[in-house]
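Note that the numbering runs from 1 along the sequence shown for the chain.
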Amino acid sequence: MLRLDAEHVLRPVRAGDGAALARAYLANREHLAPWEPTRDESFFTEASQERHVQQCVIDAAAGRGARFVIESEDGEIRGRMNLNNIVRGAFWSADLGYWIDRTRTRRGLAGRAVALVAAHAREELGLHRLQASTLLHNLASQRVLAANGFERIGLAPKYLRIAGEWQDHLLFQLLLEEPLSSRREGP
């Protein structure tokens with residue numbers, strides 16, 4: 001568990017998080033809808049979220065993913081940080097994804113959490129590279145990535161199906177062999 005500020009910690013997803021995740025996703029349903037795939041009603045249930053949690057735990061044990069929650073002092077989940085698609089071999093890379101609760105934006109939580117997850121990827125997982133993508137108009141997320149040393153590496157047309165449509169994304173990378181404190185130009 002890593003402290004983000006006086007009220008929030010970053011910790012790995014663990015068994016039993018399903019109920020809190022369901023509450024978090026329900027509370028942020030409209031806030032997240034423009035940035036995520038279209039969600040079926042079952043996604044927002046405790047049972048569905050607990051199945052997802054169990055898969056996260058299995059993936060972490062197998063080295064395929066590392067998923068985290070941002071938890072507030074009242075025990076509620078206020079965001080997610082995910083390292084997905086961890087690949088070894090010649091690649092040693094992962095995809096970074098994240099979201100912050102609608103009531104917690106613009107507090108620096110995302111930036112601090114991205115920094116901690118990048119350090120974890122480098123020091124604990126031994127990864128070489130992180131990749132992240134944002135919708136073209138997601139300037140806030142682009143600022144978070146740039147502030148953490150990610151550099152823009154390209155445009156991916158119709159990259160992900162978000163909000164029911166195939167949408168273009170900007171691609172960013174962070175090479176973890178470089179000092180993590182180095183800042184690059186913004187998006």
- Message: Using only atom types and a distance under 3.5 Å, with no angle test, would you say the side chain of S48 pairs donor to acceptor with the backbone of T45?
- Response: no
- How far apart are the C-alpha atoms of Y159 and S133, what are their side-chain angles, what is the distance that settles it, and do they pass the side chain to side chain contact (heavy atoms under 4.5 Å, CB included) test? CA-CA 9 Å; Y159 186 62; S133 63; 3.6 Å; yes
- Is a side-chain N or O of T38 found less than 3.5 angstrom from the main chain of G164, in a donor-acceptor match? yes
- Flag side-chain contact, heavy atom, 4.5 Å: L174 against L145: no
- Note on the structure: Shortest non-hydrogen pair, W92 vs G126, comes out as CE3-O, 3.5 Å
- Message: When you group the ILVMFWY residues by side-chain heavy-atom contacts below 4.5 Å and let the links chain together, are L32 and I162 in the same group?
- Response: no
- Query: Would you say the side-chain atoms of E50 pair up with the backbone N or O of G18, donor to acceptor, closer than 3.5 Å?
  - Reply: yes
- Are F172 and V87 joined in one hydrophobic group, where the rule is that I, L, V, M, F, W and Y side chains link up if heavy atoms are under 4.5 Å apart? no
- Query: Which heavy atom in Q49 sits nearest to a heavy atom in F43, and how many Å separate them?
  - Reply: NE2-O, 2.8 Å
- Distance col, row L4:CG vs S72:OG, nearest 0.5 angstrom, shows 11.0 Å
- Indicate yes or no: at least one non-hydrogen side-chain atom of H169 is less than 4.5 angstrom from one of L136. no
- Message: Under 3.5 Å, is there a donor on one side chain and an acceptor on the other for D59 and Q55?
- Response: yes
- Hey, could you give me the OG1/CD distance between T103 and E76, rounded to the nearest 0.5 Å? 10.5 Å
- Show the numbers, then the answer: is there a side chain to side chain contact (heavy atoms under 4.5 Å, CB included) between R14 and V53? CA-CA 7 Å; R14 61 182 177 225; V53 164; 5.9 Å; no
- Query: Closest heavy-atom contact between A20 and G75?
  - Reply: CB-O, 4.4 Å
- Note on the structure: Between L125 and A66 the two heavy atoms that sit nearest each other are CD1-CB, 4.2 Å
- Heavy-atom closest pair (G111 atom, N148 atom, distance to 0.1 Å) is O-ND2, 3.3 Å
- Query: Are any non-hydrogen side-chain atoms of R23 and I77 less than 4.5 angstrom apart?
  - Reply: no
- Query: Do you know the tightest heavy-atom contact between L10 and A113?
  - Reply: CD2-O, 4.2 Å
- Message: So E36 and Y25, do their side chains get closer than 4.5 Å, heavy atoms only?
- Response: yes
- Hphob cluster co-occupancy, I100 + W35, side-chain heavy atoms under 4.5 angstrom: no
- Query: Do D168 and L155 come close enough that some side-chain heavy atom pair is under 4.5 Å?
  - Reply: yes
- Message: Applying a strict under-4.5 Å side-chain criterion to I, L, V, M, F, W and Y, I'd like to know whether I86 and Y98 cluster together.
- Response: yes
- Message: Are the side chains of H8 and R104 in contact, using a 4.5 Å heavy-atom criterion?
- Response: yes
- Task: Report the C-alpha distance between R51 and E46 in whole Å, list the side-chain angles of each, state the deciding distance to 0.1 Å, and finish with yes or no for salt bridge (Lys or Arg N to Asp or Glu O under 4.0 Å).
- Result: CA-CA 9 Å; R51 283 192 299 276; E46 181 178 338; over 6 Å; no
- Say you draw a straight line from CD of Q142 to OG1 of T134; how long is it, rounded to the nearest 0.5 Å? 3.5 Å
- Message: Quick check: is L96 connected to L116 through a chain of hydrophobic side chains (ILVMFWY, heavy atoms under 4.5 Å apart)?
- Response: yes
- Query: Would a 4.5 Å heavy-atom cut-off, applied to side chains only, mark F68 and R80 as touching?
  - Reply: no
- List the steps, then state whether side chain to side chain contact (heavy atoms under 4.5 Å, CB included) holds for W99 with N28. CA-CA 10 Å; W99 62 265; N28 287 281; 3.9 Å; yes
- Message: Are H128 and L176 packed together at the side-chain level, in the sense that at least one heavy-atom pair is separated by less than 4.5 angstrom?
- Response: no
- Task: Calculate, to the nearest 0.5 Å, the distance between atoms CG and CE belonging to L109 and M81 respectively.
- Result: 8.0 Å
- Message: Using side chain to side chain contact (heavy atoms under 4.5 Å, CB included), reason through L83 and D95 one step at a time and then give a plain yes or no.
- Response: CA-CA 5 Å; L83 293 176; D95 294 317; over 6 Å; no
- Item | Spacing of CG belonging to D5 relative to CD belonging to E73, to within rounding of 0.5 Å | 9.0 Å
- Name the one of R11, H52, Q54, R67 that satisfies side chain to side chain donor-acceptor pair (under 3.5 Å) with D17? R11
- Query: Could you give the distance from CD (Q131) to CG (N84), rounded to the nearest 0.5 Å?
  - Reply: 11.5 Å
- Query: If you measure from the Lys or Arg side-chain nitrogens to the Asp or Glu carboxylate oxygens, is any gap between R29 and E41 under 4.0 Å?
  - Reply: yes
